[in-house]
Structure formats: C-alpha cells, structure tokens
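Take a look at the structure below.
By convention here, the first residue in the shown sequence is residue 1.
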Amino acid sequence: MRNIFGIFLVVFAIPLFGKTYKLQSPNKRLQVEVASGETLTWRIMHDGREVMQPSRIDINNAYQGKVSPSATKHYKTTFPTPFYRQSSVTAEYNETTLSLGKGWSVVFRAYDEGIAYRFVCKGKVPATIADEKAEFRFDADSQSWLSFTTNEKKPEAMAFQNIYDVKPLKEAKDKLAFLPATVANGGVKLTILESDLRAYPGMFLRKGNDGKSLEAWFARYPKTFDKYPWRQQRYVTSTEDYIARTGGKLFQTPWRIVAVTEKDTDMPVNNLVYALTEPAKTTDTSWIKPGKVAWDWWNDWNLKGVDFEAGINFETYKYYIDFASKNNIEYVVLDEGWYESKKGDIMNPIPEIRLPELIAYAKGKGVDIVLWTVFNVLDEHLDEAMGKYKDMGVKGFKIDFLDRDDQEAVELAYRIAEAALRHQLVLDYHGYYKPTGMSRTFPNILNYEGVFGMEEARWTDLGNDMPLYDVTFPYIRMMAGRVDFTPGAMRNGTKDNWKAIYTAPVSMGTRCHQLACYVVHDSPFTMLCDAPTNYEREQECVDMIASLPTVFNRTIIPQGEMGKFIVTAREKAGNWYVGGQTNWDSRTIKLELDFLEKGKTYRATIFRDGVNANHNAEDYKREEMDVDSATALDIKLASGGGFVMTIVKK
C-alpha cells in the first residue's frame with residue numbers, strides 16, 4: 001500500500017457551493033467525480049468523456065452538505081480463487097473515503113474495470129435504515145438490458161429469472177428490474193452490480209421519472225410471514241416501514257458497482273463482484289468437490305426400457321447412480337419428493353427411497369448424493385438436519401424457493417452457508433437471488449441459479465427466446481457469478497418445430513448449443529438435465545460432457561457480441577476447452593487458436609452442428625484433428641447452434 005499524490009484532487013464544483021472530488025483508476029482511463037452541493041452526486045468519466053451523468057446518492061439522510069476527504073491510497077492484491085473461472089484474481093485500485101459527519105462516510109474505489117462505492121457508519125449506528133438513495137443517470141438515447149420482476153402483485157418476491165428487455169432506457173417498462181443491469185452509453189457498456197451483500201436487502205432498479213435514469217429500490221424489512229401449503233415455503237405477508245435493521249459499532253452497505261467495458265468480450269470475465277466481497281472464511285477447501293450431476297427433475301424421472309416403475313424410489317435412483325458411476329459423473333441430486341413436501345418433513349425421508357441404503361450404494365459406486373430442500377424447511381432444523389444427513393453420508397444440499405432478497409432472506413442465506421461450512425457440506429443455491437460474491441466468502445457454495453435456465457423449456461414459449469438469452473446472459477448475469485443453468489438436453493428443437501412439453505422437455509436450439517453450455521457457463525456444479533436412458537443412446541455426447549472439467553485455471557473470450565454469439569475458451573493443466581453459441585441466426589466464425597502454447601501440437605476433438613441441423617436440431621458432427629497456435633478453423637453455426645471442442649496436448 002502506498003499514498004498516491006495527484007490522483008485525488010479537490011476542485012471547485014459546478015454547484016453554487018461545495019466541491020468536487022476526483023478519483024482515477026490505476027490506468028487513469030476511468031475517473032469518478034463526487035460533488036458536494038445541495039445533494040451528494042457522483043459521475044463517471046471514461047477517457048475524459050462523461051459516461052454516467054451526476055447521480056444522487058445518500059443513506060438515512062446522512063449527507064448534510066459537507067464532505068471531508070481522506071488521502072487516496074493505492075492497493076494491489078492477488079488472492080486464490082478456488083472453484084472460480086480462474087485460479088487467482090489480482091485486484092488493483094485506488095481508494096478514498098469521504099467523511100459525511102456524525103460517523104458516516106462513503107468509500108470510493110476506482111478500478112480499471114469499474115467504479116464502486118459503499119456507505120459506512122462507525123460509532124453510534126442507527127437502529128434502522130429507512131432508505132438508501134442510489135441513482136444511475138445516462139444520456140436520453142442510452143440502450144438498456146433489463147430483467148424485470150415476474151410477480152406483478154409482490155414484485156420483490158420472485159425467482160430472479162427472466163429474459164432481458166432490450167430497449168432505449170426512455171422506453172423501459174415502469175417495473176422493478178433485478179441486477180445485474182446493463183446500459184450502453186458513451187461508447188461503452190456500464191453494468192450495475194452489487195457485492196458483499198450481508199445483513200441488508202438486495203438492490204432493485206426502476207426507471208426514473210426523467211426517463212434517463214435508474215433508481216434503487218429495496219424490499220422493506222419483513223414483519224409477518226405465512227407458508228404455502230404445498231411445500232411449506234415461507235413467504236412475507238407484511239413489512240416494516242424501513243429496509244434494514246442494524247446493530248453493533250460498524251455498519252456498511254454492500255458495494256454499489258458500475259463495471260465499465262469497451263468490448264463485450266471483457267464482460268464475462270469481469271471480476272469486480274468477486275474481488276469486492278468478504279474474503280473466504282476457510283482456507284481448507286480440500287473437502288469441497290466440484291463436479292457434474294445426474295439430475296432427475298428436468299427429465300421428470302422419465303426412464304424408458306427399464307423393468308421397474310420409474311419415479312421417486314430406490315430403483316430409479318439406483319439407475320441414476322449406475323449411470324453416473326459408469327460415466328465418471330461425481331454426483332446425483334435427489335430433487336423434490338424424497339421427503340413429504342406438503343408436510344415439510346425434512347427429518348423423515350419417504351420409505352420408498354431407502355435413503356441410507358441408497359447412499360451406501362452410491363458410495364460403493366464412487367458417487368455422492370446431494371439432497372434438495374425448501375430453504376426455510378432446512379433452516380427450521382438446520383444443525384439437526386445437517387448433522388443427521390452428514391452422518392448418513394450426504395455431501396450437500398440444493399436449497400430452493402427463497403425467491404426474495406430482503407434483509408431477513410439475505411441473513412438466512414448466510415446462516416445456511418455458515419452451518420454448511422461447519423458441517424463440511426456443499427451447497428447449490430437454487431431459487432435464490434443473483435450472486436453477490438458469497439462463493440468467495442463460502443467456497444462450499446458451488447453454484448447459484450438466478451438465471452432463466454433450462455427448466456424454463458418445460459413451460460415457456462418461443463416469445464421467451466432462449467437462444468438469444470443464452471448469448472446475452474453470459475455477458476451480463478455471469479459478471480455477478482456462476483450459474484446453475486442445468487443444461488444437457490438430448491431432445492433438441494429448431495425455431496420451427498420446438499414446443500414446450502412438460503413431461504418430455506425439449507431444448508431450444510441444437511444439440512451442440514447444449515454441449516457448448518458446459519464450457520460457456522461458469523458452473524463448477526453443473527447438471528446433466530436429461531434422463532439416463534436418453535443419454536445412453538447418445539454415448540458420444542455423454543463422453544464429451546464427461547471429458548470437460550468444471551473448474552479452470554484461466555478463462556478468455558476470444559470473440560463474441562452480446563445478443564449475437566459468444567466463444568469461450570478455458571484452460572486447465574495446459575489443455576484447452578472451447579465452446580461457442582449463436583442466437584437463432586446461423587453464422588460462420590473463424591476461430592483462431594492463437595491462445596495455444598506456441599511450438600506445441602494438440603489433438604482437437606470437435607462437436608459441431610451437422611449439415612442438417614437447421615432442419616433437425618439433434619444433428620451434429622464429431623471430428624478429430626491436430627492443431628497448433630497457427631490453426632484457424634471456419635466453424636458454421638446453425639440457427640440456435642453451437643460447437644464444443646477439447647484441445648489436448650499430444
């Protein structure tokens with residue numbers, strides 16, 4: 001750490017009174033300017049050009065017209081990132097603190113990749129936070145990518161799963177949008193995120209009255225609850241008139257982040273959310289095992305050609321375990337039904353499962369078991385349930401249906417993560433809000449949903465354009481963290497013949513579009529969503545999926561354009577894994593393999609769309625060839641198509 005002179009400047013501001021304080025990024029291309037006038041505002045400059053206009057911020061009316069700056073400091077740290085898209089992250093930034101008085105301050109950080117700030121209160125912390133003001137103001141013609149709530153009556157209570165509404169900001173809907181959200185302005189894209197969300201509600205956005213700003217909105221603190229009878233899922237029935245309760249001698253909000261990117265290909269590998277969150281609570285990750293998962297729910301337990309009745313029973317899961325073992329798949333998830341959901345009876349598995357016997361059988365086959373549960377059903381028996389199933393041999397839990405991010409929900413997410421860490425159990429946060437960095441704090445949280453994933457194919461319609469979404473969310477949603485998208489469909493449909501079938505679902509797009517998910521997505525705990533008996537007829541595809549790691553040393557995006565296509569390349573142990581996807585537009589890309597080590601020859605195995613994939617989405621071609629760093633491949637992607645390849649040193 002060292003002081004940097006000349007980075008933090010004080011100049012006269014535009015307002016009639018007050019000053020403007022400037023903080024530059026290490027490469028000096030980004031600058032945040034904080035103005036103290038009648039209101040406290042911040043704006044962002046990129047290469048001397050305004051890309052975010054002066055925007056108001058405050059909390060609990062802490063700003064009283066005066067600001068006292070501190071010296072600017074420079075930091076550069078590198079830390080390991082287990083189970084992340086790369087093996088380590090280097091965070092370099094300049095930081096300053098502006099004192100607002102009465103114990104309040106606001107801390108700003110300027111990274112080369114974006115700007116972040118948070119409010120801090122030391123000393124006499126207020127008992128409640130009535131509200132927080134956060135504003136993001138852009139040019140009138142700015143383009144926006146917003147995912148809106150799907151609950152009209154209770155907009156803050158939903159699964160954080162929706163496609164992107166892409167419109168000029170002035171034409172955006174007057175609804176709550178959840179993070180991340182992206183705006184194109186001033187020749188760059190600005191993505192609004194948050195990190196280190198603890199004991200505080202998550203941030204939503206809504207269009208301002210001026211039609212060119214996004215303003216923060218927060219769920220109020222819950223007052224009373226009830227439960228839905230079909231799963232005993234708890235929900236909020238009334239709220240307080242404040243957003244957060246506080247305690248202790250220190251209070252701090254989450255980091256408010258605006259990531260700034262010139263190139264779309266920089267978006268999926270932006271690390272600000274991960275870098276800004278609380279460091280890991282353990283350095284021992286030896287017991288945490290990422291991997292792939294044979295999954296039951298998406299395929300509706302839909303086995304065929306077997307001599308037993310498929311369903312939620314011992315014989316069905318034994319078949320899943322045998323399939324996983326044969327194909328070196330690390331896990332099987334027992335989804336809803338292994339306990340009586342209507343009773344919320346997590347402590348008593350249904351007898352048809354024969355759970356202790358099933359777990360012992362899986363252990364003998366080298367397969368681990370993860371159990372699904374509703375969030376509050378587990379929380380009500382937290383240490384008791386975790387202790388019981390840990391002793392039985394279960395490796396973790398898939399937690400579902402939280403569907404909110406008020407303060408009480410966020411605290412519950414932390415409580416479950418802390419208990420799982422104590423019991424050395426892994427977690428898949430399904431039915432949760434978007435990631436805010438918790439997987440760094442708790443490395444045992446292997447995955448998050450908060451994505452319009454494959455489950456939607458069971459009931460959605462073509463209006464919810466999944467191939468378009470698939471080449472959009474990696475640029476926006478994956479900036480926040482990993483995704484439990486649950487790919488792997490072996491039944492695939494073209495734009496002309498796809499339809500939703502609940503009991504025998506079909507993916508939108510080609511077979512190779514599905515295979516590419518296993519590389520394009522950050523997903524260290526990733527599902528094989530289809531039925532084992534469907535996979536057994538497609539062994540070539542299973543072998544390709546099984547050959548792909550789930551954790552990598554390095555990730556790059558060689559080419560892509562948000563909403564059109566993406567190509568992702570990941571490296572592990574000197575070998576490379578490349579996946580690409582397109583929207584409903586067919587296209588040919590030239591893939592240069594210049595990221596390979598020079599002077600080395602590799603063997604590439606490629607799955608690409610077949611010549612008839614535009615008519616039959618399940619058509620693909622497998623081929624092998626020798627390649628090196630000078631190789632350039634012309635790859636034709638069908639409508640809704642994709643490709644995947646492994647590149648292994650010879």
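- Judged as a side chain to side chain contact (heavy atoms under 4.5 Å, CB included), and not counting sequence neighbours, the contacts of Thr39 are Thr41, Arg56.
- Between Tyr235 and Tyr228, the distance from one ring center to the other falls under 6.0 angstrom.
- Between Phe473 and Tyr164, the ring centre distance reaches or exceeds 6.0 Å.
- Around NZ of Lys175, the count of heavy atoms belonging to other residues, nucleotides or ligands within 6.0 Å exceeds 12.
- For Trp42 and Tyr117, the ring centers are positioned less than 6.0 Å apart.
- No option in Thr261, Asp264, Asp266 other than Asp264 meets the side chain to side chain donor-acceptor pair (under 3.5 Å) test with Lys189.
- Thr224 and Ser238 share a donor-acceptor pair across their side chains, judged by distance under 3.5 Å alone.
- Counting only heavy atoms from C-beta outward, the side chains of Leu272 and Tyr111 approach each other to under 4.5 Å.
- Applying the ring-ring contact (aromatic ring centres under 6.0 Å, His included) test to Phe138 and every residue at least two apart in sequence or in another chain returns nothing.
- In this structure, a donor-acceptor pair under 3.5 Å is absent between the side chains of Glu561 and Tyr475.
- Between Phe204 and Pro155 there is no side-chain heavy-atom pair separated by less than 4.5 Å.
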Do Thr182 and Thr191 pass the side-chain hydrogen bond (donor to acceptor under 3.5 Å, both in side chains) test, and can you show the C-alpha distance, the side-chain angles, and the key distance before you say yes or no? CA-CA 4 Å; Thr182 295; Thr191 302; 2.9 Å; yes
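- With sequence neighbours excluded, no residue forms a ring-ring contact (aromatic ring centres under 6.0 Å, His included) with Phe397.
- Results of the ring-ring contact (aromatic ring centres under 6.0 Å, His included) test with Phe178 over Tyr433, Tyr432, Phe160 single out Phe160 as the only residue that passes.
- Taking 4.5 Å as the limit, every side-chain heavy atom of Tyr429 sits out of range of all side-chain heavy atoms of Leu446.
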